[in-house]
Amino acid sequence: LLYKARALRGLGLLDAARKTLTGALRRKKGRSEELLRALRYERALVYEDLGQRRRARSELEKLYAEAPDYEDVAARLGL
């Protein structure tokens with residue numbers, strides 16, 4: 001689902017990408033923390049592309065609280 005969402009975002013189908021990621025994040029049991037972080041990070045990028053800055057920042061703040069060195073989360077938060 002992560003790769004599907006990335007492909008949808010790449011095609012500019014942002015609402016479909018958001019729905020895919022939200023659905024993937026509903027089920028957490030049996031999924032690695034790394035996968036869940038990647039899903040949340042991708043959803044934050046989709047929110048940014050949709051112009052929903054507040055939601056994107058919220059996702060990034062949660063990621064930063066868990067793993068401050070993940071991807072470019074700190075830079076995106078301006079830290």
Just grab all the ring pair (Phe, Tyr, Trp, His ring centres under 6.0 Å) pairs involving [range], residues at least two apart or on different chains.
| range | result |
| --- | --- |
| residues 7-36 | none |
| residues 3-33 | none |
| residues 16-38 | none |
| residues 6-35 | none |

| For the residue pair Ala74 and Pro68, what are the closest heavy atoms and their distance? |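 Scanning both residues, the minimum pair turns out to be CB-O, 4.2 Å.
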| task | Identify the two heavy atoms, one from Ala17 and one from Ala5, that lie closest to each other, and give their separation to 0.1 Å. | result |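 Smallest heavy-atom distance, with atoms named: CB-O, 3.6 Å.
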| said: Can you tell me how far apart OG (Ser58) and CD (Gln52) are? Round to the nearest 0.5 Å. | reply: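 Reported to 0.5 Å precision, the distance equals 11.5 Å.
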| Nearest-0.5 Å distance, OG1 of residue Thr20 to NZ of residue Lys4 |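 Rounded to the nearest 0.5 Å, the OG1-NZ separation comes out at 4.5 Å.
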| request: Could you tell me which residues satisfy ring-ring contact (aromatic ring centres under 6.0 Å, His included) with Tyr47, sequence neighbours excluded, listed by chain and number? | output: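 Partners of Tyr47 under the ring-ring contact (aromatic ring centres under 6.0 Å, His included) test: none.
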| With sequence neighbours left out, what residues match Tyr70 under ring-ring contact (aromatic ring centres under 6.0 Å, His included)? |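 Tyr70 satisfies ring-ring contact (aromatic ring centres under 6.0 Å, His included) with Tyr41 once adjacent residues are dropped.
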| field | Those residues that, when tested against Asp15, pass side-chain contact (heavy atoms from CB on, under 4.5 Å) (two or more places apart) | value |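 Expected list: Arg18, Leu50.
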| field | Of all pairs that satisfy salt bridge (Lys or Arg N to Asp or Glu O under 4.0 Å), the ones with a partner from residues 51-63, not counting sequence neighbours | value |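 Residue pairs passing salt bridge (Lys or Arg N to Asp or Glu O under 4.0 Å), neighbours aside: Arg43-Glu59, Arg57-Glu61.
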| task | Not counting sequence neighbours, which residues clear salt bridge (charged side-chain N to carboxylate O under 4.0 Å, His left out) with Arg76? List them please. | result |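 Partners of Arg76 under the salt bridge (charged side-chain N to carboxylate O under 4.0 Å, His left out) test: Glu48, Asp72.
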| query | Residues two or more places apart in sequence or in another chain: which of them pass salt bridge (charged side-chain N to carboxylate O under 4.0 Å, His left out) with Arg6? | reply |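 Once residues adjacent in sequence are excluded, the partners of Arg6 under the salt bridge (charged side-chain N to carboxylate O under 4.0 Å, His left out) criterion are Glu42.
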| field | Leu77 with Leu63, same ILVMFWY side-chain cluster at under 4.5 Å | value |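 Linked, Leu77 and Leu63 end up in one cluster.
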| Does Leu14 share a hydrophobic cluster with Leu2, counting links as ILVMFWY side-chain heavy atoms below 4.5 Å and allowing steps through other members? |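 Same hydrophobic cluster.
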| message | Clusters formed by hydrophobic residues whose side-chain heavy atoms approach within less than 4.5 Å: which one holds Leu11, and what are its other members? | response |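 ILVMFWY cluster around Leu11 also holds Leu8, Leu13.
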Could you list the donor-acceptor pairs under 3.5 angstrom formed between side-chain atoms of residues 28-39 and any protein atom two or more places apart in sequence or on another chain?
{"from": "Arg31", "atom 1": "NH1", "to": "Ala24", "atom 2": "O", "distance (Å)": "2.3"}
{"from": "Arg31", "atom 1": "NH1", "to": "Arg27", "atom 2": "O", "distance (Å)": "3.0"}
{"from": "Ser32", "atom 1": "OG", "to": "Leu35", "atom 2": "N", "distance (Å)": "3.1"}

